[in-house]
Amino acid sequence: LPGMIKQFSDHAANERTYLAWLRTGIAIIAFGFVLERFDIFLRTIADSLGRGPAENLSHGGREAGAALIVAGLLTIGSAMRRFAA
């Protein structure tokens, strides 16, 4: 049939897989933002309670959030590269 995509079922399966990885990457990035914001929240609460300098209270939330954001971006990049191939 003219106008039909050859091997449409394979193409559709690849597209669904791409979209699933895209959603996963977005979720990882969102979780990274949540971790970073929660770390800021904990620093603000500690400062308001007079628990000393907030710099000493970090438990790696900022670093973990940044790492998750980078991991999410890498996931999306990898998904784009695999879908294009």
Side-chain angles (χ1 to χ4, degrees):
L1 293 167
M4 292 293 292
I5 298 174
K6 292 181 182 179
Q7 298 176 336
F8 177 74
S9 62
D10 290 342
H11 177 70
N14 287 337
E15 193 169 321
R16 286 190 301 270
T17 302
Y18 168 68
L19 291 174
W21 278 109
L22 189 64
R23 284 191 307 267
T24 302
I26 291 170
I28 292 171
I29 291 170
F31 188 59
F33 277 119
V34 167
L35 275 180
E36 283 207 41
R37 292 296 164 192
F38 189 66
D39 189 58
I40 291 171
F41 172 73
L42 288 179
R43 288 172 185 259
T44 304
I45 292 297
D47 190 39
S48 68
L49 292 176
R51 301 277 184 185
E55 296 85 31
N56 298 335
L57 298 173
S58 179
H59 293 100
R62 244 181 125 153
E63 294 81 7
L68 283 173
I69 290 170
V70 170
L73 291 173
L74 290 174
T75 300
I76 291 172
S78 175
M80 289 172 57
R81 183 177 45 82
R82 290 192 66 184
F83 178 70

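Tracing side-chain contacts under 4.5 Å through hydrophobic residues (I, L, V, M, F, W, Y), one never reaches I29 starting from F38; they form parts of separate clusters. By the rule that hydrophobic residues join a cluster once side-chain heavy atoms approach within less than 4.5 Å of another member, L73 and M80 end up as members of one cluster. One hydrophobic cluster, built from ILVMFWY side chains closer than 4.5 Å, holds both I69 and L22. By the criterion of side-chain heavy atoms lying less than 4.5 angstrom apart, applied directly or through intervening Ile, Leu, Val, Met, Phe, Trp or Tyr residues, W21 is not grouped with I26; the two fall into different hydrophobic clusters. No path of Ile, Leu, Val, Met, Phe, Trp and Tyr side chains, each step under 4.5 Å between heavy atoms, connects V34 with V70, placing them in separate hydrophobic clusters.
For T24 (side chain) and A20 (main-chain N/O), a donor-acceptor pair under 3.5 Å exists by modelled atom type.
The structure places CG of L68 at 6.0 Å from CG of L35, a figure rounded to the nearest 0.5 Å.
Using a 30° and 60° split on the angle between ring planes, F83 and H11 fall in the tilted class, from 30° to 60°.
Nearest heavy-atom pair, G72 versus I28, reported as atom, atom and distance to 0.1 Å: N-CG2, 3.7 Å.
Environment of CZ in F33: sparse, with no more than 12 heavy atoms of neighbouring residues, nucleotides or ligands closer than 6.0 Å.
With contacts defined as side-chain heavy-atom distances shorter than 4.5 Å, the pair T17/R82 does not qualify.
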